[in-house]
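Only one structure is covered here, and it is reproduced in the block below.
Basis for what follows: all heavy atoms, side chains included, without hydrogens, waters or symmetry-related copies. One-based numbering, in listed order, for ligands and for the atoms of each. If you read the sequence from its start, that first residue is 1, and numbering goes on from there.
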Amino acid sequence: MFTDYFKGFEKVEAVKGIFAEKTEETLHKLKIEFIWFGYMGVDNTDGHLLVNSRYLRNGDKTDIYLDVVHELCHVKQWIDGRELFDSRYEYVDRPTEIEAYRYTVQEAKRLGLNNERILLYLKTDWMSEEDLNRLVRNMQIDLK
Ligand SMILES: [Zn+2]
């Protein structure tokens, strides 16, 4: 269960901002599955969280926190019946991704991360510089 591994998230304002009065209920029902590749994701069949256990052990704690916020946005989108993997869009143009990234970047700013650090967080190893710029443009948040 999510709450066995991620403690106190039901008290986090950014998480309450996603699920509102359903925060505790949703987190207590949320399952996680450990995977052996990538970082984190949401399973499209029943909306559970996928977490790379090695990333969880060795990853940067701030990055992991922001990833959890990002993925919980997707959990909410899944609950709302939205299409998480809409192949009509490329990753950095997909409305569900832009929304999750936008929310997460706002939380990163609230934590006091500077623009350089936020861009470092956003630039994953499989994202080109051009994709990153497009994502930032799509989010309409000034990170320069
Ligand atoms: Zn995402």
Side-chain angles (χ1 to χ4, degrees), residues 1-10 12-20 22-23 25-111 113-144:
M1 301 306 291
F2 176 83
T3 48
D4 294 335
Y5 294 90
F6 299 95
K7 303 289 184 190
F9 273 79
E10 63 275 11
V12 173
E13 287 303 322
V15 176
K16 291 200 265 186
I18 298 169
F19 300 109
K22 293 253 167 64
T23 303
E25 182 191 335
T26 307
L27 294 189
H28 280 95
K29 281 196 299 200
L30 184 61
K31 290 186 175 157
I32 70 172
E33 176 187 349
F34 290 107
I35 53 174
W36 310 103
F37 56 91
Y39 301 94
M40 286 189 205
V42 169
D43 182 287
N44 204 28
T45 54
D46 67 355
H48 73 265
L49 205 62
L50 306 167
V51 180
N52 181 335
S53 49
R54 201 175 43 161
Y55 175 55
L56 192 58
R57 254 195 327 273
N58 305 327
D60 177 274
K61 295 288 177 267
T62 303
D63 285 359
I64 292 171
Y65 169 76
L66 293 172
D67 279 358
V68 171
V69 170
H70 177 106
E71 295 306 330
L72 289 177
C73 287
H74 288 321
V75 169
K76 174 71 166 92
Q77 291 164 347
W78 188 89
I79 291 169
D80 291 342
R82 295 175 61 191
E83 177 56 71
L84 298 186
F85 300 94
D86 194 335
S87 58
R88 288 175 300 165
Y89 301 97
E90 291 201 41
Y91 181 78
V92 295
D93 296 322
R94 200 173 292 149
T96 48
E97 289 302 339
I98 294 164
E99 190 179 287
Y101 274 113
R102 203 179 144 73
Y103 192 78
T104 304
V105 165
Q106 283 167 337
E107 176 62 358
K109 280 182 174 274
R110 195 198 59 81
L111 290 175
L113 273 64
N114 64 29
N115 290 347
E116 194 186 7
R117 176 67 181 84
I118 293 172
L119 288 167
L120 194 67
Y121 165 71
L122 294 172
K123 176 81 175 73
T124 46
D125 38 20
W126 42 269
M127 196 185 287
S128 71
E129 201 67 44
E130 191 194 321
D131 284 345
L132 175 66
N133 290 334
R134 212 156 89 210
L135 177 65
V136 171
R137 231 178 12 251
N138 287 337
M139 282 193 294
Q140 296 182 296
I141 297 178
D142 189 13
L143 289 175
K144 293 290 175 224

Please evaluate residues Tyr91 and Trp126 with respect to the criterion ring pair (Phe, Tyr, Trp, His ring centres under 6.0 Å), reporting the C-alpha separation (whole Å), side-chain torsions for both, the decisive distance (0.1 Å), and the verdict. CA-CA 11 Å; Tyr91 181 78; Trp126 42 269; 4.9 Å; yes
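Side chains of Asp67 and Tyr121: a donor on one and an acceptor on the other come within 3.5 Å. Residues Tyr39 and Asp125 bring a donor and an acceptor atom of their side chains to less than 3.5 Å of each other. At a cut-off of 3.5 Å, with distance as the only test, no side-chain donor of Glu10 or His28 sits close to an acceptor on the other residue.
The Zn ion (ligand 1) has no N, O or S atom of Cys73 inside 2.8 Å of it.
In His70, the N, O or S atom that comes nearest to the Zn ion (ligand 1) is NE2. Closest approach between the Zn ion (ligand 1) and any N/O/S atom of Glu97 involves OE1.
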